[in-house]
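What follows is a single structure, written as structure tokens, with notes after it.
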Amino acid sequence: MAPIFAQVVVLSAMLGLLTACNDVQTRPQINIEGKTMGTFYSVKISGEIAQSPQQLQQEVDALLEQANDDISTYRKTSVLSRFNQYRGTQPQPIPQGMADIILQAQRIGRDTQGAMNITVGPLVNLWGFGPEKQPINIPSQAQIDGALKQVGLQHLKLISDNHGEWLQKDLPDLYVDLSTMGEGYGVDQLVNLMMRKGITNYLVSVGGAVSTRGVNGQGQPWRVAIQQPTDKENAVQALVDLQGYSISTSGSYRNYFELKGQRYSHVLDPVTGRPINHKLVSATVIATSALEADGWDTGLMVLGTEKALKLAEEKGLAVYLITKTDKGFSAVMTPQFKAFLLPNQH
């Protein structure tokens, strides 16, 4: 099955590398891994749990499978796909989790002046980053203009009442794509599962979104690596101690296609209708929830280095930006991010 989310994996919990300083574990560590959302998930728990790892993995898989059934655009029967297929304008019922994603997306969309836009589905599909095949030719300006007419957060309305959550569109062809926040949502779901089970020492990740709490098997704080923006695996750009927060990275250098010698990134600008072409190649955000971090990193990637840094400073966000220069790569960060940064040593 094709991957259901286009989000690039540029941040990983490199635990084998980062905890190798002490070969003797002071407590048992449980590792659970699998596939979801077109990428990989990982659950690492330090200490004893009240059930077998196999039982826990079944619950994890079921939880992430439900998320796919709610928000995948690759599943024609998902709640989101049914909403996109609906050609009317009456409010449609949606699950609470999906409403949470849309509410966060609307807020970040407003704060980024539309740079983060979950209604870019027509553009995602046009450029070949959705469920459809990649284009043989670059879309024409007329095709792009046509898709842009079906894009706009103002056409989407979230309604909450005593009976539940509802989503309404005033354009029949409006196509919502929640891919940019799917990994963060999955991580938050796993965090909630850990909390329900009383597990207080864990690291959970889905693709490029990670959340931690407590300590690892060596009794040390979990450390997460931000990868360098290259195709090389395990190339560390920086290390962070999340201190119970969540982190997400968006990048333009892993998920792309090339046509006639030109590289086209999966990160699309909702204003131009085209893939971004500036020098910002990676945006990492630390926030209280993975969903929030996952929404912000995409919006900042679209804005580019200068606008992204200015907005992050205005909003007091913990942000780390990597820009491609003639001499290689240059990194800038906000003061809030620096508080999480560790020396690149282990």
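What you see is a predicted model; the values in this text were computed from it and never measured. Hydrogens, waters and symmetry mates play no part in the numbers below; they use all other heavy atoms, side chains included.
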- Message: Tell me if the CD atom of Glu313 is crowded by more than 12 foreign heavy atoms within 6.0 Å.
- Response: yes
- Task: Tell me who clusters with Val271, hydrophobic residues only, linked when side chains sit under 4.5 Å apart either directly or through other members.
- Result: none
- With Phe83 via ring pair (Phe, Tyr, Trp, His ring centres under 6.0 Å) - residues at least two apart: none
- Under a side-chain separation threshold of 4.5 Å, the hydrophobic residues clustered together with Ile159 are Trp166
Donor-acceptor list for residues 86-99 side chains, cut-off 3.5 Å, not counting sequence neighbours:
residue, atom, partner, partner atom, Å
Tyr86, OH, Gln90, N, 3.2
Arg87, NE, Asp173, OD1, 3.0
Arg87, NH1, Asn84, O, 2.6
Arg87, NH1, Gln85, O, 3.2
Gln92, NE2, Gln90, O, 3.1
Gln96, NE2, Asp100, OD1, 2.8

- Message: By the salt bridge (charged side-chain N to carboxylate O under 4.0 Å, His left out) test, which pairs, at least two apart or in different chains, include something from residues 61-71?
- Response: Glu65-Arg75, Asp69-Arg75
- Residues forming a side-chain hydrogen bond (donor to acceptor under 3.5 Å, both in side chains) with Gln106, sequence neighbours excluded: none
- Task: For Asp170, check side-chain hydrogen bond (donor to acceptor under 3.5 Å, both in side chains) against everything at least two apart and list the hits.
- Result: His155
- Message: Please determine whether the number of non-hydrogen atoms from other residues, nucleotides or ligands lying under 6.0 Å from atom CD of Gln243 exceeds 12.
- Response: yes
- side chain to side chain contact (heavy atoms under 4.5 Å, CB included) partners of Thr272, counting only residues at least two apart: Asp269, Arg274
- Output every pair passing salt bridge (charged side-chain N to carboxylate O under 4.0 Å, His left out) with a member in residues 103-117, not counting sequence neighbours, ordered by first then second residue. Arg107-Asp111, Arg107-Glu292, Asp111-Lys315
- Message: As an exercise, state the distance from CG of Leu239 to CG of Leu342, rounded to the nearest 0.5 Å.
- Response: 6.0 Å
- Any side chain to side chain donor-acceptor pair (under 3.5 Å) involving residues 324-333? Give me the pairs, sequence neighbours left out, ordered by first then second residue. none
- Mind checking whether Ile30 and Ile49 have side chains closer than 4.5 Å, heavy atoms only? yes
- Task: With sequence neighbours left out, write down each residue that passes side-chain hydrogen bond (donor to acceptor under 3.5 Å, both in side chains) with Thr112, or none if nothing qualifies.
- Result: none
- Query: Who pairs with Ala318 by side chain to side chain contact (heavy atoms under 4.5 Å, CB included), at least two apart in sequence or on another chain?
  - Reply: Ile286, Gln336, Phe337, Phe340
- Report the C-alpha separation of Val124 and Tyr175 in whole Å, then their side-chain angles, then the decisive distance to 0.1 Å, and conclude whether the side-chain contact (heavy atoms from CB on, under 4.5 Å) test is met. CA-CA 10 Å; Val124 173; Tyr175 188 105; over 6 Å; no
- Item | Glu48 atom CD: more than 12 heavy-atom contacts under 6.0 Å | no
- Query: In terms of side-chain geometry, is the basic nitrogen of Lys197 or Glu59 positioned less than 4.0 Å from the acidic oxygen of its partner?
  - Reply: yes
